[in-house]
Amino acid sequence: MSTVMNAANAETELGRVAPPRNWKTPIVLSVLALIVFVAFGIFGDARDVAFSWSSDGDAIMLPDVVVNARVLGWVSGVIMIIVALWSFWLANSRRSTPVWGSMLSGFLFLASLIGLVGAGGRAPVVFLLTGAIALSSPVIFGAIAGIIGERVGVVNVAIEGQLLAGAFTSAFVASLTNNLWAGLVAAMIAGALVSMVLAVFAIRYVVDQVIVGVVLNGLVIGLTNFLYSTVLTKDSQNFNFPGTFDFLPIPFLSDIPVLGPVLFDQRITTYAMFLLIPTAWYFLFRTKWGLRIRSAGEHPLAADTVGINVNRMRFWTVTFAGMIAGFGGAALTLGSSNAFVREMSAGQGFIALATVILGRWNPWLAAVAALLFGFSRNFRIWAGQSGSTIPSDLIAMTPYLVTLIAVAFLVGRAVGPAASGKPYLKS
Amino acid sequence: MQVADVAPEVLVVVQSLIVLFVAAPPLVRAIFRLPEARVLEAAK
């Protein structure tokens, strides 16, 4: 492979160095195409699947689209093979495959996978998408907290702990006060407190940031487990019964088929997530404060030279990011499940950490990566219910398989903030 | 064998605190008001 890359760097007739041939995309696309063509097409389930676009009670009902799962796999496979061949041709002429080409292949892969799992029954598209957004919102909150932290130069491995602290505090405070908003504010304070501990140890006491993060996760898991078994379970009616925010359908917009229930009939926590993504992006990349934050994370000495107090900036920015992660914790309880459960964040903080890197430290891309995780988790839930013939263990693999492929794409490409994880010591 | 009546959840907390103290010499110095390592070497 490396000899091919070296040869590709040879000078062209024009005297300029040609870009190297990159075979990653065509290889991944052709593997996916072959899986779809062979496993979903040739050996796929020959029964029909009905893609349903509306649920009962919708203002506008769309008819189900019924297709044969095997034919769907076959057709998708053929189109994907054509895209893969085209991608090989592009790679050979030293050009990269357009994003829409990869997205088309990804979409066809998902469509035929849903067809295969739902063969002989219905594939509820709206349920799959709505659940994906609901399941990904804590991850998106965590990911944005992680992005802001790393942009200012502090690696936040404690996102898991912050989500858990937020979830616990919101359930407890909301139950005590009978006020969901109080729970939400308490969750943000809890997240900020965890962040403050992280920031004090990482900045004041110059402890390795990854170690502090891991330790804080252990601390929060231990504390919440202890308090859960000693306090919350003793009187769960009074201490762990917060209720959830109501669904707030936006008039007219929520009546749009498919998109309406997915985007405009959600809880306040999800709407907050929708608002947070563009706000975080604008704040980081278009404001003076964002520029200062990024300068503290890229080149703290330069930032210090122009009068920015790097360590103070880092402390308060990480604390602010902790509030966002705490909000994400509240989305786990007040925004979905109505009670705190032992270790309910279940690794979502670590997934958020992965999406920070997958999303190249950009809120939009991280949100897309988190949605992918949310979709695969929801897909797993649906596949378990639909009684598919595919072994559930194989389906449980999907989110991680998706991550592996995505990470393989990004190897060597994702470059984080230069001073992320390095303490700034003023000499 | 359970020797003392300690909730197992607390053990994780204690373990985390131990790791934290081991990983943060400046914290231990600050708590016990110990001098900086460099100052100590210079005194020798």
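No experiment lies behind these values; they were computed from the predicted model shown. In what follows, chains carry the letters A, B, and so on, assigned in the order in which the sequence lines appear, proteins first and then strands, with residues in each chain numbered from 1.
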**Item:** Residue A/Ile211 versus chain B: region with a heavy atom under 4.5 Å
**Value:** side chain

**Heavy-atom proximity to chain B below 4.5 Å, by part of A/Phe226** = both

**Item:** A/Phe315 atom CZ, over 12 foreign heavy atoms within 6.0 Å
**Value:**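 Check passes, neighbour count above 12.
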
**Item:** Enclosure of A/Phe241 CZ (heavy-atom neighbours >12, cutoff 6.0 Å)
**Value:** no

**Message:** I need the residue from A/Leu219, A/Val206, A/Thr224 with the largest number of non-hydrogen atom pairs under 4.5 Å to chain B.
**Reply:** A/Leu219

**Message:** Testing the basics here: between A/Phe327 and A/Met188, what is the closest heavy-atom pair and its distance to 0.1 Å?
**Reply:** CD1-SD, 3.6 Å

**Prompt:** Donor-acceptor pair, A/Asn311 side chain versus A/Tyr424 backbone, under 3.5 Å?
**Reply:**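 Judged by distance alone, yes, a pair lies under 3.5 Å.
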
**Complete:** In terms of heavy-atom pairs under 4.5 Å with chain A, the winner among B/Val13, B/Ile18, B/Val19 is B/Val13

